[in-house]
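Keep in mind that the numbers below use all heavy atoms, side chains included, and drop hydrogens, waters and symmetry copies.
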Amino acid sequence: ISINYLGKKIQEYFKAGENLGLNINYLKENKEMGTAGALNQLMNISNLPIVLSNADLLTNLKFKDILNYHSLNNSDLTIAVKKHQYQNPFGVIENKGNRLTKINEKPIYNFNINAGVYVINTKMLKFIKKNTYLDMPDLINRLIKKKKKITIFPLHEEWKDLQKPSDLK
């Protein structure tokens with residue numbers, strides 16, 4: 001577990017993982033590295049793919065499912081995506097100059113959103129500079145430019161983003 005903000009509380013809660021049947025090791029960031037920046041510390045640990053999950057989400061995804069998908073698709077990076085629907089509360093106007101061509105009352109838009117769960121091959125870690133802040137979208141865009149194989153994994157399981165205390169309800 002990569003820790004920085006509230007790292008001591010996280011360590012105190014999970015300890016070494018023995019109560020969960022796990023063996024937890026901690027990567028302590030001396031400064032904030034971003035989600036992807038901390039991965040550089042794992043470069044020489046293993047050749048196995050790394051499962052990465054944002055800490056502010058809840059899901060019942062079985063990580064073996066996304067790992068199998070990643071492997072079957074020979075991906076360099078796999079991103080879990082969740083379908084999200086947004087209804088604009090206003091009528092949307094289409095126009096040419098000052099002439100109305102169409103009005104769409106309170107349209108519904110469907111998106112695939114980044115669910116904050118990834119599988120990345122350790123070979124991709126060479127694209128992360130040591131001791132440099134880097135978020136996942138920046139790493140993903142870097143890998144796209146390098147023409148690496150990035151696949152999306154459709155997440156059908158329960159998923160909830162926890163950005164504020166009211167999201168826990």
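Of the possible donor and acceptor atoms, one in the side chain of Tyr69 sits under 3.5 Å from a partner among the backbone N and O of Ile152. When atom types are taken as modelled, the side chain of His84 and the backbone of Asn112 share no donor-acceptor pair closer than 3.5 angstrom. Side chain of Asn47 to main chain of Thr122: no donor-acceptor pair is present (N/O by atom type, distance under 3.5 Å, no hydrogens or angles). A donor-acceptor pair is defined here as one N or O able to donate and one able to accept, closer than 3.5 Å; such a pair exists between the side chain of Asn95 and the backbone of Gly97. Under the 3.5 Å distance criterion, the side-chain polar atoms of Asn114 are left unmatched by any main-chain donor or acceptor of Val81. With Thr101 contributing its side chain and Glu94 its backbone, the two residues share a donor-acceptor pair below 3.5 Å. Of the possible donor and acceptor atoms, none in the side chain of Glu157 sits under 3.5 Å from a partner among the backbone N and O of Lys62. Of the possible polar contacts, one joining the Asn88 side chain to the Phe90 backbone as a donor-acceptor pair under 3.5 Å is found.
Leu27 and Val51 fall into different hydrophobic clusters, where Ile, Leu, Val, Met, Phe, Trp and Tyr are joined by side-chain heavy atoms under 4.5 Å apart, directly or via other members. Linking ILVMFWY residues whenever their side-chain heavy atoms come closer than 4.5 Å, directly or via other members, places Phe153 and Trp159 in the same cluster. Residues Val119 and Leu52 do not share a hydrophobic cluster, defined by chaining ILVMFWY side chains whose heavy atoms lie under 4.5 Å apart. Note on Phe14: it clusters hydrophobically with Leu22, by side-chain heavy-atom contacts below 4.5 Å among ILVMFWY residues. When hydrophobic clusters are built by joining Ile, Leu, Val, Met, Phe, Trp and Tyr residues whose side-chain heavy atoms come closer than 4.5 Å, directly or via intermediates, Leu57 is not grouped with Ile1.
Residues Ile3 and Gln11 meet the side-chain proximity criterion, which asks for heavy atoms closer than 4.5 Å. Residues Thr78 and Tyr118 fail the side-chain proximity criterion, which asks for heavy atoms closer than 4.5 Å. With a 4.5 Å cut-off on side-chain heavy atoms, Leu134 and Arg142 count as touching. Between Thr35 and Asn54, the closest side-chain pair of non-hydrogen atoms falls below 4.5 Å. Using a 4.5 Å heavy-atom cutoff, the side chains of Ile50 and Leu42 are in contact.
Side-chain atoms of Gln85 and Asn110 form a donor-acceptor pair, as typed in the model, at a separation below 3.5 Å. Residues Tyr133 and Asn131 have side chains that never bring a donor and an acceptor to within less than 3.5 angstrom of each other.
The two residues Phe63 and Val117 come nearest to each other via the heavy atoms CE2-CG1, 3.8 Å. Ser75 approaches Asn121 most closely through the heavy-atom pair O-ND2, 2.8 Å.
Note that OG1 of Thr151 and CG of Asn74 are 9.5 Å apart. Values are rounded to the nearest 0.5 Å.
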